[in-house]
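Residue indices begin at 1 and follow the sequence shown. Quick caveat: nothing in here was measured; it's all calculated off a predicted structure.
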Amino acid sequence: MEDARDLAERTARSERKRRDSFGMFDGYDSCSEESTTSSSSEDSEEDVVPSIPASLPIIKNNGQVYTYPDGKAGMATCEMCGMVGVRDAFYSKTKRFCSVSCSRSYSSNSKKASILARLQGKPPTKKAKVLQKQPLMAKLAAYAQYQASQQNQAKSKSVVPVESFDWGRYICNSNTVGAPVSCFKHAPMGTCWGDIEEGVRIEVPNSDTNLSTKVYWIAEIIKLAGFKALLRYEGFDNDTSKDFWCNLCIPEVHPVGWCASSNKPLVPPKSIQHKYSNWKAFLVKRLTGAKTLPSDFNAKVRENMQFPFKKLMRVEVVDKNYLCRTRVALVEQVIGGRLRLVYEDDGLDDFWCHMYSPLIHNIGWSRSIGHRFKRSDVTKKSEGQVDAPAQLFQKVKDVDPSEEWFKDGMKLEAIDPLNLSAICVATVKKVLADGYLMIGVDGSEAIDGSDWFCYHGMSPSIFPVGFCEINNIELTPPKGYTKLPFKWFDYLRETCSIAAPVKLFNKEVPNHGFRIGMKLEAVDLMEPRLVCVATVTRIVHRLLRIHFDGWEDEYDQWVDCESPDLYPVGWCQLTGYQLQPPASQSSRDMPLSVPKQKKKTPQYKGQKKKRKIPVGRRPFSQSGRRRSSFSGDEEQSPPSYHVHGPARPRTHLHLIHKSESLLRMKEDMADLDEFTFTQGTSDQESNGSGSYYIKQEP
């Protein structure tokens with residue numbers, strides 16, 4: 001029995017000798033590449049690390065204890081051979097030796113001879129079992145050869161494409177912060193980001209090395225911006241020279257302990273190799289009590305990158321040429337949860353939206369609620385086409401038909417879907433089933449109702465009368481209304497209409513976590529195939545004012561805090577989507593000498609602001625007006641999306657407007673004094689909910 005135990009102990013010790021619990025090479029207690037022996041007896045004393053009790057966990061996160069790969073906690077050094085390993089795996093109650101052999105050798109007369117041989121660099125005696133020190137570079141070279149052979153056998157995996165826009169430099173230069181991932185519940189990892197914060201330690205590839213193979217080192221998160229993190233290798237302390245930005249969701253980022261469990265080498269950066277003589281003791285001391293990523297972090301990222309919508313699924317989506325109706329469309333492409341839809345009866349006309357967008361529904365939705373629907377000329381499904389299951393679509397709140405609800409003719413305030421920078425005076429035109437409403441902007445309704453749009457009664461895009469006045473937001477009055485400034489009390493009396501009761505509106509304000517000045521990636525809803533660098537410039541309850549960096553304020557958009565068209569910094573890199581950088585100086589100064597053309601039937605487009613000093617202009621149509629589109633490019637479908645290509649700059653060539661456009665555009669009003677949004681007490685930076693009221697006047 002004792003011989004069997006000795007054999008098992010020797011086998012376990014041979015496995016532990018090659019690599020310690022941090023995945024470092026055995027004998028790597030000196031960073032000097034020329035060193036072939038233990039430097040001194042002082043280094044041996046440092047290996048013991050007596051100040052760290054055996055019961056102290058190395059890494060903690062959310063109360064969960066992260067231990068070494070073998071499930072044990074604490075470190076110990078063999079007093080015979082000097083090997084550093086997991087304390088609980090050592091021999092005897094005192095945990096002084098790594099094996100029975102070392103315990104017996106220590107008590108024999110060979111101790112002095114063994115130690116002397118180790119100090120002199122001589123081979124140890126067979127009986128002593130002293131850990132043999134090998135030249136570091138020889139070990140690394142051998143391991144590099146082994147790694148190269150392994151990599152030749154395995155297929156190379158695809159990695160996250162590197163975006164052309166440098167978010168890290170942009171954030172550092174502007175001294176701003178990125179919105180946390182937890183603000184975006186619809187984004188990958190949005191609901192399971194946890195307590196990832198500054199100070200968390202991770203294992204990442206070591207780029208500061210001359211080795212030909214991939215090696216790793218531990219880094220600390222210095223700053224977070226969405227999925228992006230500013231990292232600093234352990235050992236650099238306050239030295240920022242080697243700091244670098246990294247997307248935490250790429251496959252090369254791992255929790256501490258991954259290298260040991262995956263048989264990967266931990267090698268200090270060459271710039272600080274000589275800073276410490278005992279890197280093992282340094283890591284134990286530095287990492288004790290620190291946090292790391294959850295052990296299943298990479299698995300969760302892969303799971304979150306799976307999306308239920310598949311190519312050729314059929315859905316009902318708003319007709320971007322006539323907002324009052326829906327059409328059948330096919331899923332053509334899925335990128336990061338965003339869908340490129342192609343209308344079934346027009347394979348060249350497409351539409352981009354998120355899978356949780358309120359603009360898409362399951363087949364049969366329009367008929368079930370009484371919404372207008374354009375029948376497709378296609379009479380039979382093609383091979384592979386299937387109706388998307390109803391459970392894939394975003395659910396809305398159930399409405400109790402027995403309770404008080406909206407009625408036709410009620411007045412309210414609504415975000416204009418054709419001009420998302422404006423909140424307009426609007427009217428409930430028709431009440432549909434399941435809580436849906438058809439709404440029209442006052443002063444711009446077409447006789448046939450073709451410019452009505454559908455919002456749910458609980459939509460965060462509609463507000464009770466007086467909302468803009470209370471929160472110091474400019475309300476766009478009806479076209480042709482001359483009694484300015486606009487007063488709701490007078491308007492309701494003049495039109496013999498009533499305001500929708502305040503209690504019918506959605507007043508829930510979630511603790512969204514957004515703050516003014518936060519950076520993010522946002523869809524330009526006037527051109528929804530584009531995801532742009534953006535900033536939160538104002539917060540009113542759950543409503544966010546999104547500014548597209550480099551462009552004029554007139555292109556800002558009001559967006560709900562839970563909109564699926566907002567994403568964390570680094571989302572485009574993670575999903576392979578193309579990010580549109582801020583407008584460059586050259587594009588901002590581009591002359592726009594385009595002749596104006598008048599339309600036959602003028603229609604309302606919302607209040608127009610006076611021109612500012614050029615800060616950045618978006619493309620203009622041939623008619624000279626700003627392109628207003630609810631859903632994207634009406635005249636030309638976006639080209640096939642190139643994931644790895646450079647970001648497409650916004651130029652007027654991309655958005656030229658055809659004179660035959662089918663979209664019922666709204667015309668500009670006469671120039672009025674430009675209004676500005678000022679930050680006041682109404683800005684709900686603390687996410688508190690405010691009250692709504694109608695200001696009564698005699």
Once you round to the nearest 0.5 Å, how far does [atom1] of [X] lie from [atom2] of [Y]?
X	Y	atom1	atom2	result
Asp243	Arg232	CG	CZ	4.0 Å
Leu544	Phe514	CG	CZ	5.5 Å
Glu521	Gln573	CD	CD	9.0 Å
Asp451	Asp416	CG	CG	9.5 Å
Gln333	Arg340	CD	CZ	6.0 Å
Phe236	Leu231	CZ	CG	12.5 Å

Is there side-chain contact between [X] and [Y], with at least one heavy-atom pair below 4.5 Å?
X	Y	result
His254	Ile202	no
Ser271	Lys242	yes
Cys183	Pro568	no
Ile546	Asp556	no
Met189	Leu248	no
Ile423	Leu543	yes
Val531	Gln578	no
Ile360	Cys353	yes

Between [X] and [Y], is there a donor-acceptor pair closer than 3.5 Å when you use the side chain of the first and the backbone of the second?
X	Y	result
Asp237	Asp239	no
His361	Pro358	yes
Trp558	Ile415	no
Asn471	Ile473	no
Asp442	Pro478	no
Thr209	Asn206	no
Asp349	Val342	no
Glu413	Cys468	yes
Asn506	Met458	yes

How close do [X] and [Y] get, counting heavy atoms only, and between which atoms?
X	Y	value
Asn247	Gly570	ND2-O, 3.2 Å
Ala229	Ile221	CB-CG2, 4.1 Å
Ala219	Val204	CB-CG2, 3.9 Å
Gly199	Glu220	CA-OE2, 3.6 Å
Leu475	Cys424	CD1-C, 3.8 Å
Val569	Gly178	CG2-CA, 4.4 Å

Would you call [X] and [Y] a salt bridge, taking side-chain N to carboxylate O under 4.0 Å as the test?
X	Y	result
Glu316	Arg327	no
Lys311	Glu332	yes
Glu562	Arg542	yes
Asp565	Arg338	yes
Asp195	Lys291	no
Arg529	Asp524	no

Handout entry: Counterpart residues, ring-ring contact (aromatic ring centres under 6.0 Å, His included), relative to His547 (two or more places apart)
Key = none
Practice task
Please report the C-alpha distance between Tyr567 and His186 in whole Å, then the side-chain angles of each, then the deciding distance to 0.1 Å, and finally whether the ring-ring contact (aromatic ring centres under 6.0 Å, His included) criterion is met.
Solution key: CA-CA 9 Å; Tyr567 307 104; His186 59 280; 5.6 Å; yes
Practice task
Please work out which of the three classes, parallel, tilted or perpendicular, describes the rings of Phe453 and Tyr455, given edges at 30° and 60°.
Solution key: perpendicular
Practice task
Indicate, with yes or no, if the rings of Phe165 and Tyr170 have centres closer together than 6.0 Å.
Solution key: yes
Exercise for the section: Assert yes or no for the condition that the ring centre distance of Tyr356 to Phe393 is strictly below 6.0 Å. Expected result: no
Handout entry: Criterion side chain to side chain contact (heavy atoms under 4.5 Å, CB included) on Phe505 and Ile462, from CA distance to verdict
Key = CA-CA 8 Å; Phe505 293 85; Ile462 59 175; 4.1 Å; yes
Handout entry: Any side-chain donor near an acceptor of the partner, Thr176 and Ser174, under 3.5 Å
Key = yes
Handout entry: From Trp167, Tyr577, Phe227, Phe184, residue fulfilling ring-ring contact (aromatic ring centres under 6.0 Å, His included) relative to Trp571
Key = Tyr577
Exercise for the section: Would you sort out whether Ser421 and Gln557 count as a side chain to side chain contact (heavy atoms under 4.5 Å, CB included), showing the intermediate values? Expected result: CA-CA 4 Å; Ser421 65; Gln557 296 175 2; 5.8 Å; no
Exercise for the section: Carefully, step by step, assess Phe351 and Ser357 under the rule side chain to side chain contact (heavy atoms under 4.5 Å, CB included). Expected result: CA-CA 12 Å; Phe351 180 98; Ser357 170; 5.9 Å; no
Exercise for the section: Please report the C-alpha distance between Leu339 and Leu330 in whole Å, then the side-chain angles of each, then the deciding distance to 0.1 Å, and finally whether the side chain to side chain contact (heavy atoms under 4.5 Å, CB included) criterion is met. Expected result: CA-CA 10 Å; Leu339 311 178; Leu330 299 174; over 6 Å; no
